[in-house]
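If you're wondering where the values come from, they're calculated on a predicted model, not measured in any experiment. Letters go in sequence order (proteins before strands), and every chain restarts at 1.
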Number of protein chains: 2
Amino acid sequence: MPKLEDVAKLAQVSKTTVSRVLNRRGYLSKETIDKVNQAVKELNYHPNVVARQLYNNKTDLIGLLFPTVANPFFGELTANLEHYLYQKGYKVLIGNSINDPQKEADYLDQLLVKQVDGLIVGTHNQGISQYHNDNLPIVAIDRVMNQDIPIIASDNYAGGKLAVEHLLVQGARKIIHINGPQELATPAQKRRAAYEDVMHDHHLQPITYEVDFNISNTDKLKVFRQIFVEHPDVEAIFASNDLDAALIMQIARERRLRVPRDLLLVGYDGTQTVQSVWPQLTTVIQPIEFMAQKAVTVLQNRLHNQATQSEYLLPVQLHVGTTC
Amino acid sequence: MPKLEDVAKLAQVSKTTVSRVLNRRGYLSKETIDKVNQAVKELNYHPNVVARQLYNNKTDLIGLLFPTVANPFFGELTANLEHYLYQKGYKVLIGNSINDPQKEADYLDQLLVKQVDGLIVGTHNQGISQYHNDNLPIVAIDRVMNQDIPIIASDNYAGGKLAVEHLLVQGARKIIHINGPQELATPAQKRRAAYEDVMHDHHLQPITYEVDFNISNTDKLKVFRQIFVEHPDVEAIFASNDLDAALIMQIARERRLRVPRDLLLVGYDGTQTVQSVWPQLTTVIQPIEFMAQKAVTVLQNRLHNQATQSEYLLPVQLHVGTTC
DNA sequence: TTATTTATGACAACCGGTTGACATATGGAA
DNA sequence: TTCCATATGTCAACCGGTTGTCATAAATAA
């Protein structure tokens, strides 16, 4: 692997001159520029990125910490984040933390140390202390970290309201909601608040099941089956996300419940993948692309020490399919 | 951000000793070890990764170049790759190249230069020349690059055969296949070969539509609608992948064709996402996790200069749903 | 003719950690 | 008493660039 010195030798100029040509600084004649470029091409020389990173004290890398890109919501989010970050000259390092707080802490430990210039996080684990780090600009998506870390989220309260009110309009009364554990501080809890508010407004009893996002589908199915055992008269379910809605659908089939006749179903997220494969699902669409764009903008503000708000709420949209 | 020297000062030892403690080499007394560790903790010191990378001439980063993690196949593949790579001590840098050969070339240019220790690629663009690079270990997934680059793929021929033979058993005769452009050298072309072989064996006329993986859903829908215009008597479609199958399904609904009564449909990939959301789809399941694991193993062999085969074929499985 | 701009080189410090060479001191074993 | 393993320090080179300081020389302008 050729280095700067080799280029200098071949072009018969000094290291300094080569560096000047590559970085366009100082006075340079056309001839030397050509000579150097010629040598660069001949040797197929590329400056060593790591050496530059060391001197410049930045890597142009942004870390993304999310549960898993196997989930279409995080997959699409990651794809969009990568897109916008690439436009700004950053590359993307990913860390999937699903179900493994140790792994998340590990990643943090390593990334916080000059490996990345900034971090965008949306993990679902609790009690990671390293986030209290002033050195590294961090932005959270759909996750409450601490005061210093700005949050990008869709308008979960509005989304919850849209979903529940739609269910009520469709005539459902016994509506059950699924959400993550309350200890986990996520903006998604606002859907629960919306759900409970709307139910109370209609003098209905809210019933919320708390299900950990990280558990396996098999375990989720067990919990969801329990819902139908404990509430055989359930008329509608407002699920945490579209994949959970799919599991509910699976159970509905097991129990020979026809959707929407016997059971109404609303999901959440509205990823393009699920929209494409299961357009019948009524769901609340989060503006994934917009969230990614906003996260990148806010992160860049942080990187440039510009002021940012502590929270950014983006609008959601109800997609009405045939499941309710 | 504290550096090694600061730790040395605080612990009242030399830089060398600190380095010795951190890297466990040479003779060390328990007291100094404790003193150093104490100072490390007190300062919250972490060695600068980039400096280490420069000296060691490796980054412990592996680049993943795929079309987009927004697609569940690549999302799940990426998640699995990340999992296995993490286990081996590598971090993951992603690059999504969809629909943008320039971006792919860009990534390559930058990653080939000591930014990553190795590369796993599965992009769908053509004519990228930089892959002829001897410096960097590369492994390809489901993509033919050049002789030096080992390929991990599922058994596409067997998969194609399974799908088509199942369609025939179900009574279909006019079966249309969708695949990528033939110029694009991918193992997926073997499905086409299998399809055409089986059709010929049954004295049936194979009809293959070539559709670029990278085009938008809107454009794909246009092409797929054309299929039904040109072949109104089509009885079955063997799609390139599950998402394409979903689009076909959409068109079937438009045309009031009932699946499987009026149209049989087989997909390809069998991602957990699609399996979960649309279990009714009959499809060929690629062993994504196994492919990821194999890719990581083979890459590591390359990294350690151990011999590797030029191709690894992994078994597929037919999932029979209700779409055929 | 003199001053200034343009063009290039040599050199060293620096980014932050790693490593080898060499010196030195202590304690216990032979 | 001598020898050696143990324990720590100093110093400098190195990884591969970047940048500032000085020096030098030719070309151009005043």
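- OP1 or OP2 of D:dT19 has at least one side-chain nitrogen or oxygen of A:R25 nearer than 4.0 Å.
- Side-chain polar atoms of A:N80 and A:E76 form no donor-acceptor pair below 3.5 angstrom.
- Looking at heavy-atom distances under 4.0 Å, B:V50 makes no contact with the nucleic acid at all.
- Nearest-nucleotide mapping onto DNA chain C: of A:T16 and B:L22, the residue sitting toward the 5' end is A:T16.
- Comparing C:dC14, C:dG9, C:dG17 against the side chain of A:Y55 picks out C:dC14 as the nearest.
- Without hydrogens or angle criteria, A:D117 side chain to A:I62 main chain gives no donor-acceptor distance under 3.5 Å.
- For the pair A:S29 and C:dT8, the criterion of a side-chain N or O lying under 4.0 Å from OP1 or OP2 is met.
- Atom P of nucleotide C:dT8 and atom NZ of A:K35 are separated by 7 Å, given to the nearest angstrom.
- The backbone N or O of B:I98 sits nowhere less than 3.5 Å from a side-chain atom of B:N96 that would complete a donor-acceptor pair.
- Taking every side-chain heavy atom of B:Y27 into account, D:dT6 is the closest of D:dT6, C:dG17, D:dG16.
- Look at A:R52 and you won't find any side-chain N or O under 4.0 angstrom from OP1 or OP2 of D:dG16.
- As judged by a 4.0 angstrom heavy-atom cut-off over every strand, A:Q12 is placed among residues touching the sugar-phosphate backbone only.
- Under the 3.5 Å distance criterion, with hydrogens and angles disregarded, no donor-acceptor pair is assigned to the side chains of B:Q293 and B:E289.
- Look at A:T32 and you'll find a side-chain N or O under 4.0 angstrom from OP1 or OP2 of C:dT8.
- Residue A:S14 has no polar side-chain atom (N or O) positioned under 4.0 Å from OP1 or OP2 of C:dT8.
- Counting only heavy atoms from C-beta on, A:L4 has its side chain closest to D:dG17 among C:dT8, D:dG17, D:dG16.
- In this structure, B:T17 does not reach the D:dT8 phosphate: none of its side-chain N or O atoms is under 4.0 Å from OP1 or OP2.
- With DNA chain D read from its 5' end, the first of the two nearest nucleotides for B:N56 and B:I33 is the one closest to B:I33.
- Of the side-chain N and O atoms in A:N23, one or more sit less than 4.0 angstrom from OP1 or OP2 of D:dT18.
- If you check every strand for non-hydrogen atoms under 4.0 Å, B:N48 touches sugar and phosphate atoms only.
- Atom CD of B:E5 is separated from atom C1' of D:dC11 by 14 Å (rounded to the nearest Å).
- In the interface, the side chain of B:R20 is paired with the base of D:dG9 through a donor and an acceptor atom under 3.5 Å apart.
- Picking from D:dG17, C:dT18, C:dC15 the nucleotide with the shortest atom distance to the side chain of B:S19 gives C:dT18.
- For B:D6 (side chain) and B:K3 (main-chain N/O), a donor-acceptor pair under 3.5 Å exists by modelled atom type.
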